[in-house]
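Right, I'll just put the structure down here and ask away after.
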Amino acid sequence: PLQKEHQAQFQMMESAFFHMPHPSDSEKLRTYLPRSPYHTPPYYLQS
Amino acid sequence: MVNDQFGIVGLLTFIRAAETDPNLVSLALGQDLTALGLNLNSPDNLYPTFGGPWAEQPCRPQDIDFHVPPEYLVNSAIRDKLAGVKFTRYKDDLLFFMFYNNCGDVFQVLAAVELYNREWRYHTEEKVWITQVPGMVLLEKTSTYERGTYYFFDVHNWRKVAKEFHLDYSKLEGRPVIQQSMH
Amino acid sequence: YEDPPGLMEKTDFLLRDWIGIYHSQPSGRDSTKAFSMFVHQMNVHGILKTDDLITRFFRLSTQLCVEAVYRNVTEGSASNQTVLRTKCYHTLDPFVRLIALLVKHSGDASNATTKIHLLNKVLGIVAGCLLQDHEQRAGDFQQLPYHRIFIMLFLELCSPEPVLETINYQVLTAYCHTLHILRPSKAAGFCYAWLELISHRVFIGRMLAITPQQKGWSMYAQLLIDLFKYLAPFLRNAELAKPVTMLYKGTLRVLLVLLHDFPEFLCDYHYGFCDVIPPNCIQMRNLILSAFPRNMRLPDPFTPNLKVDVLQEITYSPRVITNFATLITPLQFKKDLDSYLKQRAPVTFLSELRSNLQVSNEPGMRYNIPLMNALVMYVGTQAIGYIRNKSLTPNMSTIAHSAHMDIFQNLTVDLDTEGRYLFLNAVANQLRYPNSHTHYFSCTLLYLFAEANTEAIQEQITRVLLERLIVNRPHPWGLLITFIELIKNPSYKFWNHEFVHCAPEIEKLFESVARSCM
């Protein structure tokens, strides 16, 4: 079983899980064509 | 036999549990690591285009910044003069460019919406854009399919190619939809 | 505490001024001229007068930028993510630019000390703010502002400019030090951003590829160890909640990149990694153990009649960075061990071995796993040296009847099932690419199987090998050749054992593995 310390860590991690880093966080700001990840249909070109 | 978790029976118990609990599978049997979006057979290094721990694909060319002389960074001087991004203003050529170079991005869908508005249709099986050739008479037409000559957009040669084709209506994508929050 | 009166207002004013300068048309991105004027402003306001004031200025600036992000997040919670984030970057990026310029222009162009001192100060301040924020806001903590500051500052400091190139190694050191302070076990709410930081393509490139003589490798290895140590308690639990699965999957991706691009790095540091990866994380461990030097051609393990004993590669010892001998504690135990290895006496040493390895009665923590691993590695490598000193090569005959094998056989017999499992894991962790360690430990496992006085021992050896084989690829070369030898060589009578046929699934499993091996 998880120790208390690890339970507390899990709770913090769980909160962070709901606002994960975004790819644009690690890139220079693109004002004209900003990156906007979107879940496209699987039959579209994926890469 | 060893009758605790450290023998064969222990392994078997874990495997059996993993059959019903998907959360256990990832450790019991591992995952298919070739399905994580990395080209593990690439002769080139992966790290220069690594999109990050949760990226399903490598970086696109436009995602990779290169250091350029500051004089090249003219955005702050001209950005107020640039027209806003408006897909209705662009030619088909640019729409296809946006579609094929913005995979997994809202711009791909926006381009698809505008192409649809211009009577291009995306064939979900062939994975190509097609449209009717103006003035061409259909050879055959039923409630479920038609046959005739169509323009296909050939992405490899970057041009429209006319081809005779049996078009099954069920294989065509309907009007692409964008979530309200992305507008 | 007790900032001088008016300092907050001055900082706020200066920061807003700088943000305006940064975004203004004439200044553009370079801002060198505007920077000179801004530094003058800072001097006029007395910000640069003392080290204390500079420190306070950076702390207050960091807090102001972070607060701005929290306000944006609160006010714009219904907004499109892109719009929200752009607003945040609008404040954070100029702050990063200011820091980068101050570092770059601190002291003389050739004086790295002043620059790095300032960088360390700023990184420490941002880290301190993060930890304080993390503790105070708990579940409401936002990774974004700190992530943005760290990564954009790093990218700025990696610009191809002569002044920055000369201090790049110190920049990397400063970052690794800061990232170690902010490791996930200290700031779990920052763990995803932390993994993004250490796996950024520019960071990986600098740490592992560009920095000469592999000077970044040990620091990067420490960061990975921090990550594995954090994941360990959750992965030991076996049932992975979504947040853990997310972090674990991200870790696997990073390891795949490292396996593909820097296999030598994984080879050199495999020991330290395996020391902290829980025993049940088999695929992740296999990933690391599968690494082999890029200039090596591995013989196909499925080659019929493969004669491993005559391979040239098994005469070479692999590089193992960890000084595992120093991990054998306490000192008296190490002395007794060395004495036994030298003299093969007293016999009482063997009967006391177990007590040195057992540390508590708490389930899952009864054995000192790092000590077990170190003991196995040390005894095995000493054995290889001992055999070579007699002008012999390790094989099934030469490894037997020695102080070293006494220890291994004693552990096999004397430990309970848990201890034995951990011991056998330690041996199997050395089954990697063709080298002297892989060969010796492969022979050891097979020897222990052949000489086992109970079927339970053979069953557990089989269990340790099998569980490493049934997970998805990759599989280490040494693991494959050991298992193939076990099932093909009739002298082991593998298929005669009851545990091979104990259940239909197990029988099918063995047959399936054997089919793919043969």
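Each chain gets a letter, A, B and so on, in the order the sequences are listed, and its residues count up from 1. None of these values were measured; they are calculated from a predicted model.
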### chain C interface, residue from B:L11, B:V74, B:L38, B:T49 that has the most non-hydrogen pairs under 4.5 Å
B:L11

### Task
Considering non-hydrogen atoms only, spot the tightest contact between C:G216 and C:T211 and give its length.
N-CG2, 4.1 Å

#### Entry: Region of C:Y192 that comes under 4.5 Å of a non-hydrogen atom in chain B
both

### Query
Of the options B:Y100, B:Y151, B:F99, which is the one that meets B:W129 in a ring-ring contact (aromatic ring centres under 6.0 Å, His included)?
B:F99

### B:I15 versus chain C, the contacting section by heavy-atom distance below 4.5 Å
side chain

### Task
Taking C:R253 for its side chain and B:A55 for its backbone only, find out whether a donor-acceptor pair lies under 3.5 Å.
yes

### Message
Is it the case that the side chain of C:R294 and the backbone of C:D261 share a donor-acceptor pair, with hydrogens and angles ignored and the cut-off at 3.5 Å?
### Response
yes

### Query
For C:E459, is it the side chain, the backbone, both or neither that has a heavy atom under 4.5 Å from a heavy atom of chain B?
both

### Message
At a heavy-atom distance under 4.5 Å, which candidate from C:I204, C:T454, C:L195 has the highest pair count against chain B?
### Response
C:L195

### Task
May I ask you to establish whether B:K163 and B:F152 are in a cation-pi arrangement, using a distance under 6.0 Å from NZ or CZ to the six-membered ring centre and at most 45° from the ring axis?
yes

### Message
Looking only at side-chain N and O atoms, does C:R468 offer a donor or acceptor that is under 3.5 Å from a partner on C:N425?
### Response
yes

### Query
Given a strict heavy-atom distance threshold of 4.5 Å, which part of C:L509 is in contact with chain B: side chain, backbone, both, or neither?
side chain

### Task
Please report the closest heavy-atom contact between B:T124 and B:L172, naming both atoms and the distance.
CG2-C, 4.5 Å

### Query
Parallel, tilted or perpendicular: which fits the ring planes of B:W120 and B:F96, with parallel below 30° and perpendicular above 60°?
perpendicular

## Note on the structure
Ordered numerically, the heavy-atom neighbours of chain C under 4.5 Å found in residues 86-93 of chain B are none

### Query
In terms of heavy-atom proximity below 4.5 Å to chain B, should C:F203 be classed as side chain, backbone, both, or neither?
neither

### Query
Which region of C:L287, side chain (C-beta onward) or backbone (N, CA, C, O), has a non-hydrogen atom less than 4.5 Å from a non-hydrogen atom of chain B, or is it both or neither?
side chain

### Message
With a strict 4.5 Å heavy-atom criterion, list every residue of residues 1-9 of chain B that contacts chain C, or say none.
### Response
B:M1, B:V2, B:D4, B:Q5, B:F6, B:G7, B:I8, B:V9

### Partner chain C: residue of B:D65, B:L36, B:D44 with the largest heavy-atom pair count (under 4.5 Å)
B:L36

### Query
Taking the six-membered ring for Trp, are the ring centroids of C:F510 and C:F494 within less than 6.0 Å of each other?
yes

### Message
Given 3.5 Å as the limit, does a donor-acceptor pair link the side chain of B:T131 with the main chain of B:E119, or not?
### Response
yes

#### Entry: Which of C:E161, C:Q460, C:E418 touches chain B most, by non-hydrogen pairs under 4.5 Å
C:E418

### Query
Do other residues, nucleotides or ligands put more than 12 heavy atoms under 6.0 Å from C:H90 NE2?
no

### Query
chain B heavy atoms under 4.5 Å from C:M246: which part of the residue, side chain, backbone, both or neither?
both

### Query
Atom CG of C:L415 and atom CG of C:L422: how far apart are they, to the nearest 0.5 Å?
8.5 Å

### Query
Given the side-chain rings of B:H67 and B:Y72, with only the six-membered ring counted for Trp, is the space between their centroids under 6.0 Å?
no

## Note on the structure
Heavy-atom closest pair (C:I282 atom, C:P279 atom, distance to 0.1 Å) is CG1-O, 3.7 Å

### Task
For C:Q458 and C:F449, indicate whether the former's side chain and the latter's backbone hold a donor-acceptor pair under 3.5 Å.
yes

